[in-house]
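Single-structure report; data block below.
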Amino acid sequence: MSEHVIHFSNQQVAQVFRDIADAMEVLGENRFKYQAYSRAADTIDELPVSLYDYLRSGTLGDISGVGPAISAKITELLTAGTIEFRERLRAEVPDGVLQVVRVPGVGPKTALRLYRELGIADVSALEQAARSGQIRALKGLGPKLETRILEGLAAQQEAPNRFLLGEMLPLARELVAGFQSAAPMLANLSYAGSLRRSAPSVGNIDLVAAATEPEHVLNAFAALPHVARIETLQDGSAVAQLHNGKQCALYVARPEGWGAVLSLRTGSPAHRARLFTLAAERGFQLSDRGLMRDGALVPSPTEEVFYAALGLPLIPPELREDWGEIEAAQAGTLPQLVELSDLRGDMHTHTRWSDGRGTIAEMAAAAIAQGYEYYVITDHSFYMGMVNGLDAARLKQQRAEIDALNADFQRRGINFQLLQGSEVDMLPDGSLALPDDVLATLDWVVASLHVGLRQERELVTQRVLNAIRNPHVDCIGHLTGRKLLRRQGADLDLDAVFEAAAETGTVLEVDGAYERLDIDAELVKRAVTSGLRISIDSDAHRAVDLAGIEYGVLTARRGWASRDNVVNCLPWEQLRGGRN
DNA sequence: GCCGTTTTCGGCCCGACTGTTTTCAGTCG
């Protein structure tokens with residue numbers, strides 16, 4: 001067998017450097033060294049151009065954060081397929097230990113001790129040790145840590161082998177585009193499944209292709225550069241393992257059945273069950289091949305045609321959960337869902353003034369490119385030392401910079417306005433991190449929980465209620481504080497929160513950062529139903545994050561939000577006029 | 001290990017909380 005040359009995506013290379021950084025941190029290496037690897041990984045992740053192009057032109061060193069050492073290691077990986085330094089680290093810190101570090105409550109020091117002193121080299125050994133009380137035997141570690149570890153593991157295991165929407169959607173789009181150009185015989189191609197419903201986390205990528213000759217399509221699929229190997233292959237479908245460890249399934253339908261097959265591969269099990277019932281009521285059968293009557297395929301080349309055959313208008317993929325969309329479709333009351341292009345501004349963003357990476361000018365340029373009319377800078381409030389939060393004095397300085405930029409936009413005839421806000425912390429004691437007279441000077445105030453998320457229900461709820469009732473607070477940012485696949489949000493009394501927000505008109509945010517997507521679709525639906533207004537924000541820390549607001553839009557759509565429910569679909573003047 | 005309008009060495013993100021201590025290390029945001 002000939003040597004197969006592996007093609008690494010930038011994201012795969014970034015992951016290798018992240019692993020190097022984590023392993024070095026576990027080994028207690030110099031902090032600045034492993035941070036350099038970690039920073040380089042972040043930069044590589046965002047590069048618009050393949051590393052192979054940099055390699056060919058000898059310009060790896062031009063990448064910010066990539067110096068001689070990392071440049072040599074990238075070259076080694078791309079040409080030899082492996083990095084010797086990485087393998088040496090692996091000998092000291094097994095891959096399983098890197099997983100152990102990512103368990104909440106366990107840091108690099110503890111992971112190393114658990115490995116060296118108890119031989120814990122993966123998460124299942126960690127679970128066993130925590131369960132059997134072995135961890136408390138180590139000096140300085142106790143029963144509370146064991147409980148914390150088991151809770152953390154439970155949160156992770158609720159969703160084994162799941163990946164975030166923000167990782168999978170770009171990958172799926174890349175696959176679809178690559179597949180389409182490699183296989184001109186495809187009549188149609190789409191991704192499907194929970195990914196197409198924009199679920200916050202998904203297990204794999206499902207593709208549904210339309211073609212008359214499935215074998216050709218399956219061969220072209222197996223030859224895609226992303227595909228590492230084909231796991232299963234049977235008539236009309238294949239499951240592939242990708243180079244990045246993720247799984248992709250392909251289903252090939254006949255062009256005249258594609259609409260039905262795509263619909264069946266997209267809806268949730270509950271939605272699909274409704275479709276089966278509707279089909280049966282109309283004398284159809286549904287199968288892997290599509291819509292059938294008396295053993296013959298009934299043409300349904302598109303989803304419109306398929307849904308029409310069942311007496312329904314086309315239901316947007318995000319709604320296909322059986323949360324009432326079938327009834328709404330039958331009644332003709334499906335919502336006109338909000339779209340990315342409806343957004344006129346972003347209400348929650350950061351800059352270098354706190355923990356962001358971009359300057360105000362850089363973020364503004366990206367906002368103009370995104371087509372916004374306004375853009376609110378909401379850097380952190382003073383309380384969070386780590387994020388370099390702003391106090392009254394620095395807010396004043398920042399206001400001067402914003403004013404100067406706005407004057408410049410006006411001079412140049414650019415219809416764009418920067419606004420100054422704050423992401424003000426709700427402190428553990430129930431107060432806000434900035435006094436009212438300072439909040440009063442701001443254009444938009446987002447209040448968020450960052451600390452004390454594990455406070456007991458009554459306490460943490462009261463903090464949120466205090467913020468909602470503060471007349472200067474316009475919006476509650478990422479309400480629950482959840483981090484997808486990592487930690488649950490705060491234990492909030494949502495009835496009380498929604499009731500208070502309805503009284504005061506306080507906006508609830510859909511944070512588009514794809515590890516948050518908070519509030520989630522179910523809460524969006526609840527907000528929309530109870531007449532609350534939402535905002536959709538990027539929570540951007542870098543210019544490249546602005547586009548991530550799309551995940552917020554998808555989440556809002558999943559929650560049945562229309563343009564009328566979303567404050568930042570309004571022009572700023574109108575939005576400000578309607579403030580409480 | 002990387003970087004530079006503080007430029008080839010010296011600095012790079014730091015404060016609060018937690019669980020375990022008995023004066024603090026580790027984790028988190």
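It should be emphasised that the depicted structure is a prediction, and the values quoted were computed from it without experimental measurement. In what follows, every chain begins at residue 1, and chains take the letters A, B, ... in the order their sequences are listed.
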### Query
Under 4.0 angstrom, heavy atoms only, what part of the nucleic acid is A/Lys109 near: base, sugar-phosphate, or nothing?
sugar-phosphate

### Query
Across the strands shown, which category fits A/Tyr37 at heavy-atom distances under 4.0 angstrom: base, sugar-phosphate, nothing?
sugar-phosphate

### Residue pair A/Leu434 / A/Ser422, side-chain heavy-atom distance below 4.5 Å
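In short, these two side chains touch, coming nearer than 4.5 Å.
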
Rounded distance in Å between the [atom1] positions of [N] and [M]:
N: B/dG26; M: B/dG11; atom1: C1'; result: 24 Å
N: B/dG29; M: B/dT22; atom1: P; result: 27 Å
N: B/dT27; M: B/dT21; atom1: C1'; result: 16 Å
N: B/dT23; M: B/dG19; atom1: C1'; result: 14 Å
N: B/dC12; M: B/dT7; atom1: P; result: 15 Å
N: B/dC3; M: B/dT8; atom1: C1'; result: 10 Å
N: B/dT20; M: B/dC28; atom1: P; result: 14 Å

Would you mind reading off the distance between [X] atom [atom1] and [N] atom [atom2], rounded to a whole angstrom?
X: A/Ile149; N: B/dT20; atom1: CD1; atom2: P; value: 10 Å
X: A/Leu145; N: B/dA25; atom1: CG; atom2: C1'; value: 13 Å
X: A/Glu515; N: B/dG29; atom1: CD; atom2: C1'; value: 12 Å
X: A/Leu114; N: B/dG26; atom1: CG; atom2: P; value: 12 Å
X: A/Tyr34; N: B/dG1; atom1: OH; atom2: C1'; value: 13 Å
X: A/Arg31; N: B/dG11; atom1: CZ; atom2: C1'; value: 10 Å
X: A/Leu141; N: B/dA25; atom1: CG; atom2: P; value: 14 Å
X: A/Gln35; N: B/dG1; atom1: CD; atom2: C1'; value: 11 Å

### Query
Out of B/dG1, B/dG26, B/dT20, which has the shortest distance to the side chain of A/Lys144?
B/dT20

## Note on the structure
Looking only at B/dC2, B/dG26, B/dC28, the nucleotide nearest the A/Thr110 side chain is B/dG26

### Query
Given A/Asp436 and A/Arg469, is the salt bridge (Lys or Arg N to Asp or Glu O under 4.0 Å) satisfied, shown in steps?
CA-CA 12 Å; A/Asp436 284 0; A/Arg469 296 193 177 122; over 6 Å; no

#### Entry: A/Pro68 vs A/Pro108, nearer the 5' end of DNA chain B by closest nucleotide
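It is A/Pro68 whose nearest nucleotide is closer to the 5' end.
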
## Note on the structure
Ranking A/Ile63 and A/Pro104 by the position along DNA chain B of their nearest nucleotide, the one closer to 5' is A/Ile63

### Task
Report the relative orientation of the aromatic rings in A/His478 and A/His450; use parallel for angles under 30°, tilted for 30 to 60°, perpendicular for over 60°.
perpendicular

### Query
Just by distance, with hydrogens left out, do A/Asp19 and A/Gln15 show a side-chain donor and acceptor under 3.5 Å apart?
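A donor-acceptor contact under 3.5 Å links the two side chains.
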
### Query
Can you tell me if A/Asp355 and A/His541 form a side-chain donor-acceptor pair at under 3.5 Å?
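On atom types as modelled, these side chains qualify, holding a pair under 3.5 Å.
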
### Task
Once you apply the 3.5 Å cut-off to both distances, tell me the Watson-Crick or G-U wobble partner of B/dG26, or none.
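Pairing partner, where one exists within any strand: B/dC17.
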
### Euclidean distance, A/Phe17 CZ relative to A/Ile44 CD1, rounded to 0.5 Å
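Interatomic distance, A/Ile44 CD1 to A/Phe17 CZ, rounded to 0.5 Å: 5.5 Å.
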
